[in-house]
Visitor: 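Starting off with a structure, shown below.
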Amino acid sequence: MKVVLRFAPSPTGPLHIGGVRTALYNYLLARKYGGIFILRIEDTDQTRFVPGAEEYIIESLSWCGITFDYGPHIGGPHAPYRQSERKAIYAEYAHLLVERGWAYYAFDTEEELEEMRRRFEAAGMSAPQYNAITRSYMKNSLTLPPEEVQERLRSQPYVIRFLVPRGREVRFYDEIRGWVSVHTKEMDDKVLLKSDGMPTYHLANVVDDHLMGITHVIRGEEWLPSTPLHVLLYEGFGWEMPKFAHLPLLLRPDGGGKLSKRDGDQLGFPVFPLRWRDPFTGEVSEGYRERGFLPEGLTNYLALLGWHPAEEREIFTMEELIQAFSLERVSKSGARFDFEKARWVNQQHIRKLPLERLTALVHPLWMARGLPSISEVQLMQLMALARERGALLPELIEAVRFFYEAPTFPLPPEKESKLNPNLVEKLPQWMDHLWALEPWNAASIEAFIKSQAKSEKMTLSQVLPALRLALTGEEMGPSLYVIIELLGRVETRRRLERFLAEYGVRREV
RNA sequence: GCCCCGUUCGUCUAGCCUGGUCUAGGACACCUCUCUUUCAAGGAGGAAACAGGGGUUCAAAUCCCCUACGGGGUACCA
């Protein structure tokens with residue numbers, strides 16, 4: 001049988017990395033079994049609609065390499081894939097449930113509900129629910145005479161509530177957690193159809209999952225407590241249930257609860273895949289892309305948060321993840337996000353990336369930084385030097401930007417103290433030899449410097465650090481011989497002359 | 001409060017289903033050494049965990065129960 005999976009986000013803001021992981025696991029499983037993967041937008045709460053969120057979700061997942069077969073941006077056999085556009089369908093099914101005795105109409109106002117909760121709370125009941133006990137005190141089609149119900153249906157707003165059956169133990173099998181059971185006395189008569197005619201999540205997700213032929217529902221653990229309701233809904237409709245799998249939550253690094261959109265930039269690392277600008281407040285949150293992550297680095301790390309491959313390898317391409325992934329190896333407990341490890345995983349991917357692709361990725365970043373313009377060919381030489389020296393793309397630029405930004409003198413005091421006066425004194429003579437050096441490559445430059453140092457009775461550690469400061473202004477970095485080669489004869493000389501102008505000659509006054 | 005789910009190194013986790021092979025394995029981070037002009041990368045090594053208590057058993061990280069702790073849910077939000 002063909003598997004059909006879906007990712008069903010709500011466009012109430014940017015997708016956060018927990019959502020990306022949920023999408024990823026669904027995607028991985030769909031692709032592994034050659035099934036179908038659907039994007040469904042759950043926009044049934046009109047009050048929480050955020051402009052741009054849906055586009056953001058699609059763009060983010062696409063950047064991550066997570067692709068869909070059907071969705072609002074693609075179409076498909078069960079279109080529309082936006083729940084707000086399927087409104088009529090849900091109302092029809094909600095009424096069907098009423099006819100079958102699995103649901104009823106309720107007319108209580110918000111104030112009346114509030115009042116009921118207060119009353120029962122005062123009577124010593126904690127968190128009063130609309131359930132078998134309280135429903136008999138409320139205004140609904142179970143308590144009101146039929147004529148009044150008809151009258152109210154015509155004249156006032158109403159909701160449709162699920163009628164939780166009494167005295168039953170609802171059991172279902174979770175692919176990750178095993179059997180879970182809840183007694184119906186713990187459940188309340190959830191609203192299925194809201195007074196604005198829109199369904200709640202519970203109704204919409206069951207109806208759509210059935211209609212769209214979903215075989216596996218993989219979602220966050222926060223849905224575990226409402227799954228018994230969904231199970232009962234399937235029973236009420238007489239539909240076959242999909243398999244359920246509830247993923248462990250992604251926790252904040254401090255362990256204080258699940259990661260949420262509101263964490264924004266507060267944690268010291270991005271929680272969104274892409275930059276997000278809040279359309280209401282104008283507040284901007286950085287994303288993983290802007291931070292310099294490779295999509296394959298992010299998804300690889302995310303895959304590891306809550307899932308473990310059967311082998312000890314940790315670095316996977318998306319294709320390899322698809323092959324290796326399985327629900328059996330998903331763990332049950334929540335995982336804290338560890339930015340350091342995410343960086344490391346990304347670094348591994350940077351090192352695996354062909355130099356051409358790495359260069360193509362870094363080139364626009366380089367230009368955007370306002371650094372002197374550079375050709376891709378030139379940048380590729382620099383990337384060969386930089387690629388092992390950074391975990392995030394911008395760090396690669398930082399590692400080699402001195403090639404295009406000559407050091408400024410005087411150096412800061414802490415660096416100045418590293419200059420070797422002996423070398424500075426000899427430098428003018430060295431320069432003359434260096435200028436004439438043939439051929440101009442790292443190997444001959446290395447040979448030259450070593451022989452000079454030897455004849456001056458200086459060690460390399462007396463020579464190189466000072467020379468590096470003179471040429472790059474930095475105390476550390478790639479091989480100095482290679483740097484000199486790439487800098488070229490002219491630029492090397494120019495930088496050394498400027499250095500000597502500052503430090504070389506004692507000016508007589 | 002009530003309900004549900006969870007609990008192995010600081011973190012992510014392997015092992016648990018199918019008790020013995022676990023003096024509990026790997027990875028990130030950390031520390032030491034090594035390579036190197038330096039930093040990074042690499043190599044070698046180190047410190048570091050079965051939440052607690054009861055059972056069952058010849059034997060328990062693994063099975064059962066209780067407690068504690070953590071998280072989630074408890075909306076006409078998803």
Visitor: Does a donor on one side chain sit under 3.5 Å from an acceptor on the other, for Lys190(A) and Ser226(A)?
Guide: no

Visitor: If I pick the P atom on A27(B) and the same atom on C64(B), what distance separates them, to the nearest angstrom?
Guide: 32 Å

Visitor: If each of Trp179(A) and Trp307(A) is mapped to the nucleotide of RNA chain B with the nearest heavy atom, which maps nearer the 5' terminus, i.e. the 5' end?
Guide: Trp179(A)

Visitor: Nearest-nucleotide wise, let me know which of Tyr301(A) and Leu251(A) is further upstream toward the 5' end of RNA chain B.
Guide: Tyr301(A)

Visitor: Please determine whether a side-chain nitrogen of the Lys or Arg among Arg82(A) and Asp43(A) lies less than 4.0 Å from a carboxylate oxygen of the Asp or Glu.
Guide: no

Visitor: For the residue pair Tyr130(A) / Asp108(A), report whether a side-chain donor-acceptor contact shorter than 3.5 Å exists.
Guide: yes

Visitor: Tell me whether the centres of the aromatic rings in Trp307(A) and Tyr25(A) are closer together than 6.0 Å.
Guide: no

Visitor: Sugar-phosphate atoms are those with a prime plus P, OP1 and OP2; base atoms are the rest. Using that split, label each nucleotide of nucleotides 23-34 of chain B B, S or - for protein heavy atoms under 4.0 Å, 5' to 3'.
Guide: --SSBS------

Visitor: Check whether the side chains of His246(A) and Arg219(A) place a donor and an acceptor atom closer than 3.5 Å, and report yes or no.
Guide: yes

Visitor: Please state whether the rings of Phe120(A) and Tyr137(A) are parallel, tilted or perpendicular, taking 30° and 60° as the class boundaries.
Guide: perpendicular

Visitor: With under 30° as parallel and over 60° as perpendicular, where do the rings of Trp179(A) and Tyr173(A) fit, or are they tilted in between?
Guide: perpendicular

Visitor: Does OP1 or OP2 of U7(B) have a side-chain N or O of Arg336(A) closer than 4.0 Å?
Guide: no

Visitor: Roughly how far apart, to the nearest Å, are A14(B) and G25(B) at atom P?
Guide: 15 Å

Visitor: What one-letter contact string describes nucleotides 72-78 of chain B from 5' to 3', where B marks a base within less than 4.0 Å of any protein heavy atom, S marks contact via sugar-phosphate atoms alone, and - marks no contact?
Guide: BSS-BBB

Visitor: Rounded to whole angstrom, note down the P distance from A49(B) over to C9(B).
Guide: 9 Å

Visitor: I need the CG-C1' distance between Leu259(A) and C12(B), as an integer number of Å.
Guide: 15 Å

Visitor: Between G42(B) and U21(B), how many Å separate the two C1' atoms, rounded to a whole number?
Guide: 34 Å

Visitor: For Arg86(A), check side-chain contact (heavy atoms from CB on, under 4.5 Å) against everything at least two apart and list the hits.
Guide: Pro80(A), Ile89(A), Tyr90(A), Asp208(A), Leu211(A), Met212(A)

